[in-house]
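Here's the structure we're looking at; comments come further down.
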2 protein chains.
Amino acid sequence: MDYFELYHPGLSVDCVIFGFHDNELKVLLLKMKNSKQWAVPGGFVKKQEDVDDAAIRVLKERTNIEDIYLRQFHLFGQKNRSDDSYVDSLVQDHVIREDMDSWFRQRFITVGYFALVEFSKVTPSPDQNSERCEWVPLTNIPDLILDHQEIINEALKALRNKLRFGPVGKNLLPPKFTMTELRTLYETILGEELDRRNFQRKMLSFGILDKLDETRKGGAHKAPFLYSFNEEKYNQKLIKGFDTIW
Amino acid sequence: MDYFELYHPGLSVDCVIFGFHDNELKVLLLKMKNSKQWAVPGGFVKKQEDVDDAAIRVLKERTNIEDIYLRQFHLFGQKNRSDDSYVDSLVQDHVIREDMDSWFRQRFITVGYFALVEFSKVTPSPDQNSERCEWVPLTNIPDLILDHQEIINEALKALRNKLRFGPVGKNLLPPKFTMTELRTLYETILGEELDRRNFQRKMLSFGILDKLDETRKGGAHKAPFLYSFNEEKYNQKLIKGFDTIW
DNA sequence: CATTAATATGTCATAACGACACAATGAAAA
DNA sequence: TTTTCATTGTGTCGTTATGACATATTAATG
């Protein structure tokens, strides 16, 4: 396999994959072979492949799911994103073959994507250069390679921005969920508490939720009603967004 | 000059430069040599240059101003953005030298930036491949090369999005301006009319304007007061943004 | 069956919003 | 000089949205 033949030079994609589980926002990370460092799932872009499609491919390979919410959020193009010492260690640790040395020593720019996935649907699988693929809580991110911490930070900013623009949740929650679960998702993404009662009033006013007749039994207390997103109205709000300031 | 030596392969930047004049939103465009088509100002990225710096450089070269508002808004990475027939015509029209043929026939991805500039400060100058550099009203965009129309469309979306997030205007208006001029700027960007009185109330409530003691005389009617942006408070709002929904 | 802890719903004072009325002003016309 | 007129400056008013908080309801527990 000749990287130079196959891939667009000096270009990669990285996918910050968000999931929501145990009331925590998590990202899918790769544990690098023979290293203590972790990485955001990424890959190269084939010469005859849309950049977006490369991101979709990476996502599919790491999670085994398709058709999920995926958006480009930033291009990371600093000249010193990588340096030779990083590639030195990759070669030393036998993470990459020596004949691929010159490919990895290129200057790379990378396109950041963030994905919102339903936690339970994901089957994590590592890639060539990693030994494990795991969900990691955002509150507990380990040491990451290169500028991957910054990539995650920017992805979170983009996600927060998306939250203020339109609805979020259909891609992160199971089909049926309680109002508390939805609110906790928002609280987790925003990093702040929201008033339970006012949240419900406002969320319902958007008209994107269907209140189901079921309740979630089995909890220790009063059984909360279940809700689901109204596909049609949810998608309308996705496009039009919430109240514009102007 | 050897492009392959100098520049990062398969990568360009394009800058959608917005200006506001005669109550119209305009973009700075280049008229291609020996062609009826126009283009958004762009350039390549030097091998040892941040992508952002390449955009700054392009901007400086076309407008002769620096330190202006410039933000990356999207990477255009479709595999068929360009095609051979386009390069054929470039060579035929002697826009590019024949020995540079192979450089231009690469697959290119391009990073879109949008800039907000004060119209009167700009001194437009064409580049190697163009014969003119002019302001063109957004309402009257001519035939553009490649996907440049889409690039402008996306830039406008990004600008509109910026408008709902925080203050806009310091970079597009002269230091002193009337409330009507500011409102017209907003109306032009949004493409809709805004109530004169409610706009003023809301804009003042942000606390980013200083009302000056001067009025703009010389108009045909009552002389309107002049305002300027309060640098400190404007910048605060730029970072924090306006009212969040949540 | 009472207790408990969480859910469901409502209230209330205040702020924000959209629509609109009317007075003030300064250049231009009479 | 006086009147006209378009535009600016400011205010009002009814409605809706918001934040803070009170109270009733309910499923599981002991």
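When each of H221(B) and Q200(A) is assigned the nucleotide of DNA chain C bearing its nearest heavy atom, the one mapping closer to the 5' terminus is Q200(A). Remark on DNA chain D: of its neighbouring residues R216(A) and K202(A), the 5'-side contact belongs to K202(A), judged by nearest-heavy-atom nucleotide. Two residues, R197(B) and D243(B), neighbour DNA chain C, and the one matched to the more 5' nucleotide by heavy-atom proximity is D243(B). Each of Y227(B) and I245(B) was matched to the nucleotide of DNA chain D holding its nearest heavy atom; the match closer to the 5' end belongs to Y227(B).
T110(A) places a side-chain N or O within 3.5 Å of a backbone atom of S12(A) that can act as its donor or acceptor partner.
Between the CZ atom of F199(A) and the P atom of dA20(D) there is a distance of 16 Å, rounded to whole Å. One atom, CG of L204(B), and another, C1' of dG11(D), lie 14 Å apart when rounded to the nearest Å. In this structure, the CG atom of N198(B) is 18 Å from the P atom of dA15(C), given to the nearest Å. Regarding R196(B), its CZ atom lies at a distance of 18 Å from the P atom of dC17(C), rounded to whole Å. The interatomic distance linking F225(B) (CZ) with dA24(C) (C1') rounds to 11 Å, in whole Å. Atom CZ in F242(A) sits about 21 Å away from atom P in dT16(D), given to the nearest Å. M203(B) places its CE atom 16 Å from the C1' atom of dC17(C), with the value rounded to the nearest Å. Between the CZ atom of F206(B) and the C1' atom of dA16(C) there is a distance of 11 Å, rounded to whole Å.
Contact annotation: K217(B) does not reach the phosphate of dT7(D) (side-chain N/O to OP1 or OP2, under 4.0 Å).
Relative ring orientation between F206(B) and W246(A) is described as perpendicular, the plane-to-plane angle rising above 60° on a 0-90° scale split at 30° and 60°. F199(A) and Y186(A) have perpendicular rings, their planes meeting at more than 60° on a 0 to 90° scale where under 30° would count as parallel.
Annotation: cation-pi geometry not satisfied between R71(B) and F73(B) (NZ/CZ under 6.0 angstrom from ring centroid, within 45° of ring axis).
Residue R201(B) has its side chain nearest to dT12(D) when only dA8(C), dT12(D), dT18(D) are considered.
Using a 4.0 Å heavy-atom distance criterion, T180(B) is classed as a sugar-phosphate-only contact. Residue T215(A) is classed as having no contact, given no heavy-atom separation below 4.0 Å to the nucleic acid.
Looking at H74(A) and K157(A), their side chains never come closer than 4.5 Å, going by heavy atoms from C-beta outward.
For a distance-only test at 3.5 Å, the side chain of K222(B) fails to qualify as a donor-acceptor partner of the base of dT25(C).
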